[in-house]
Amino acid sequence: MLGTFAKAFRTPDLRRKLLFTIGIMVLFRLGSFIPTPGVDYAAINSIQKQASGNDLLGLINLFSGGGLLQLSVFALGIMPYITASIIVQLLRVVIPRFEALHKEGQSGQTKLTQYTRYLTIALAVLQSTAVITTARSGVLFGQVGTDTKVIDPDTPWTVALMIITMTAGTGLIMWLGELITEKGVGNGMSLLIFTSIVAGFPSSMGQILGQSNGGLTNFVVVLAVFVAVIAAIVFVEQSQRRIRVQYAKRMVGRRTYGGSTTYIPIKINTAGVIPIIFSSSLLTLPSMITQFVTDQTNPVVQWIAANMGQTDALYMILYAALTIFFCFFYTAITFNPEEVADNMKKYGGFIPGIRAGRPTAEYLSYVINRITTPGSIYLAVVALIPQVLFGLLGINQNLPFGGTTLLIIVGVGLDTVKQIESQLQQRHYEGFLR
């Protein structure tokens, strides 16, 4: 593998792409440490040593590479773009115009991408406003009711400048991601997310190792589980059900078309990490809302605090149930059996033993439901392993070791390695994967 890496860097055009990608990732990390104008950086550092934010903001902070809790220029990270992409994809079911654009090919995809960009900027304005509001109130740092000021001077003009700066930072991140996709190696947005997550691992593992009570033991256990879960994720993510498709021969003029055999690959985990993001976001909203309630003795607030912690049984049951539900829901949106069956029929394709048209759609629906069942259970197990492990070891739950992060790391890593391998094979070099 190291020899292949050396060959990749010895190839001029591929070396240029790799260095360009690494350079953009370094710029992205630098932006996560540049404070927004008007932020008292010393006050934030003093607060972070003793405070911990809520879980939802912790998830956003993870995707920003730690920039959120520092109120940096890249504080929002890639989350507005992720949210906008999911919304546009879901709107295809509701808005016929979006579905028509999706079927138009490259021109339609370009239009949808443009809508995603506009929605990203709009969401960045809303999210930056919410982040600054929670920072001023102390909710962002878990310091409600304190006199610590993180914005100086705290004036409307300063707040407006911070909102503009964070929104511009989101736009810049979106542009950097598109530059990687166009001129670098791999998917730009995915690599920026990968960079944000991986950047927090050394310090987090250092926190585990530095624990006064059983730090070394916990470090070894977490590392072993970490490697085992990654191996399991690689195995499952590479698994797929291949449905054979035969295309009949057609005579067009003097030429013969068709007569080939191919297959439809259906992954066990078709929905990716979206179900985990949806379920974790929904379950952390109640705890986030209770932090704004002044009367903490309210029975509802106390019940949420006692039963909705990440190591509580009720939380984990709801977490697993919602993950399974959203797995089926998102798969039904992204994979349309009727559309696939119609396209096969249009081009003379059929599944051996299954009639074209509606029987093919019913068969595909039957297969996708059977595949999604173990896939959803797999997602729920991966999501709960860190919760159970950290609960048993007494480790801080905000550490970036979770089902979402591991799935993203493995998925982005596999996709990037495959792209490098394909470019090496074009030059008759042996790739990473065998």
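Both backbone and side-chain heavy atoms feed into the values below; hydrogens, waters and symmetry mates do not. Remember, it's a predicted structure, so these values are computed and weren't measured experimentally. In this chain, numbering begins with 1 at the start of the sequence shown.
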pair [X]-[Y]: side-chain heavy atoms closer than 4.5 Å:
{"X": "Lys267", "Y": "Ser239", "answer": "no"}
{"X": "Pro337", "Y": "Tyr366", "answer": "no"}
{"X": "Ile420", "Y": "Leu18", "answer": "yes"}
{"X": "Val185", "Y": "Phe20", "answer": "no"}
{"X": "Tyr115", "Y": "Leu91", "answer": "no"}
{"X": "Leu76", "Y": "Ser128", "answer": "yes"}
{"X": "Lys17", "Y": "Gln419", "answer": "no"}
{"X": "Ile268", "Y": "Arg241", "answer": "no"}

So which atom in [X] and which in [Y] form the shortest heavy-atom distance, rounded to 0.1 Å?
{"X": "Ala84", "Y": "Thr120", "value": "CB-OG1, 3.4 Å"}
{"X": "Ser32", "Y": "Phe74", "value": "N-CD1, 3.9 Å"}
{"X": "Ile333", "Y": "Arg92", "value": "O-NH2, 4.5 Å"}
{"X": "Phe33", "Y": "Ser72", "value": "N-CB, 4.3 Å"}
{"X": "Gln246", "Y": "Thr261", "value": "OE1-OG1, 2.6 Å"}
{"X": "Lys418", "Y": "Gln238", "value": "NZ-OE1, 3.3 Å"}

Assess the residue pair Thr360 and Met344 against the criterion (side-chain contact (heavy atoms from CB on, under 4.5 Å)); give the C-alpha distance rounded to whole Å, side-chain angles, the decisive distance to 0.1 Å, and a yes or no.
CA-CA 9 Å; Thr360 299; Met344 289 171 52; 4.1 Å; yes
Below 30° counts as parallel, above 60° as perpendicular, anything between as tilted: where do the rings of Phe325 and Phe329 land?
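Answer is parallel, since the angle falls under 30°.
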Assign the ring pair Tyr330 / Phe278 to parallel, tilted or perpendicular, where the plane angle (0 to 90°) is split at 30° and 60°.
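Perpendicular: the ring planes of Tyr330 and Phe278 meet at over 60°.
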When you measure from the side chain of [X] to the backbone N and O of [Y], does any donor-acceptor pair fall under 3.5 Å?
{"X": "Thr331", "Y": "Phe328", "value": "no"}
{"X": "Asp415", "Y": "Gly411", "value": "no"}
{"X": "Thr181", "Y": "Gly177", "value": "yes"}
{"X": "Ser190", "Y": "Gly186", "value": "no"}

Can you tell me how far [atom2] of [Y] sits from [atom1] of [X], rounded to the nearest 0.5 angstrom?
{"X": "Ile24", "Y": "Leu19", "atom1": "CD1", "atom2": "CG", "value": "12.0 Å"}
{"X": "Leu101", "Y": "Lys111", "atom1": "CG", "atom2": "NZ", "value": "8.0 Å"}
{"X": "Leu322", "Y": "Ile317", "atom1": "CG", "atom2": "CD1", "value": "12.0 Å"}
{"X": "Lys345", "Y": "Asn343", "atom1": "NZ", "atom2": "CG", "value": "12.5 Å"}
{"X": "Arg97", "Y": "Leu112", "atom1": "CZ", "atom2": "CG", "value": "8.5 Å"}
{"X": "Ile409", "Y": "Ile197", "atom1": "CD1", "atom2": "CD1", "value": "5.5 Å"}

Checking side chain to side chain donor-acceptor pair (under 3.5 Å) for the pair Thr165/Thr36: CA distance, chi angles, key distance, verdict?
CA-CA 7 Å; Thr165 303; Thr36 304; 5.9 Å; no
Please list, chain by chain and in numerical order, all residues satisfying side-chain contact (heavy atoms from CB on, under 4.5 Å) with Leu191, sequence neighbours excluded.
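Listed in chain order: Thr21, Ile180, Val412, Thr416.
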Any cation-pi pair here, Arg242 with Tyr263, using under 6.0 Å and within 45°?
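Yes, Arg242 sits over the ring of Tyr263.
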Test applied, side-chain contact (heavy atoms from CB on, under 4.5 Å); reference residue, Leu407; option that passes from Ile233, Val229, Ile230:
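Option passing the side-chain contact (heavy atoms from CB on, under 4.5 Å) with Leu407: Ile233.
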Determine whether more than 12 heavy atoms belonging to other residues, nucleotides or ligands lie under 6.0 Å from atom CZ of Phe98.
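Yes.
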Should the heavy atoms of other residues, nucleotides or ligands under 6.0 Å from CD of Gln109 be counted, would the total exceed 12?
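Counting other residues, nucleotides and ligands, CD of Gln109 exceeds 12 neighbours.
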Run Ile121 and Met174 through side-chain contact (heavy atoms from CB on, under 4.5 Å) and show every step you take.
CA-CA 10 Å; Ile121 299 301; Met174 186 167 53; 4.3 Å; yes
Tell me, with the steps shown, if Ser196 and Phe28 meet side-chain contact (heavy atoms from CB on, under 4.5 Å).
CA-CA 9 Å; Ser196 301; Phe28 175 66; 2.9 Å; yes
Does anything in residues 169-178 form a salt bridge (Lys or Arg N to Asp or Glu O under 4.0 Å)? List the pairs, not counting sequence neighbours.
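Every pair satisfying salt bridge (Lys or Arg N to Asp or Glu O under 4.0 Å) with a residue in residues 169-178: Arg117-Glu178.
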Under the criterion side-chain contact (heavy atoms from CB on, under 4.5 Å), I'd like the reasoning laid out for Tyr81 against Ile173: C-alpha separation, chi angles, the key distance, then a yes or no.
CA-CA 9 Å; Tyr81 184 84; Ile173 291 174; over 6 Å; no
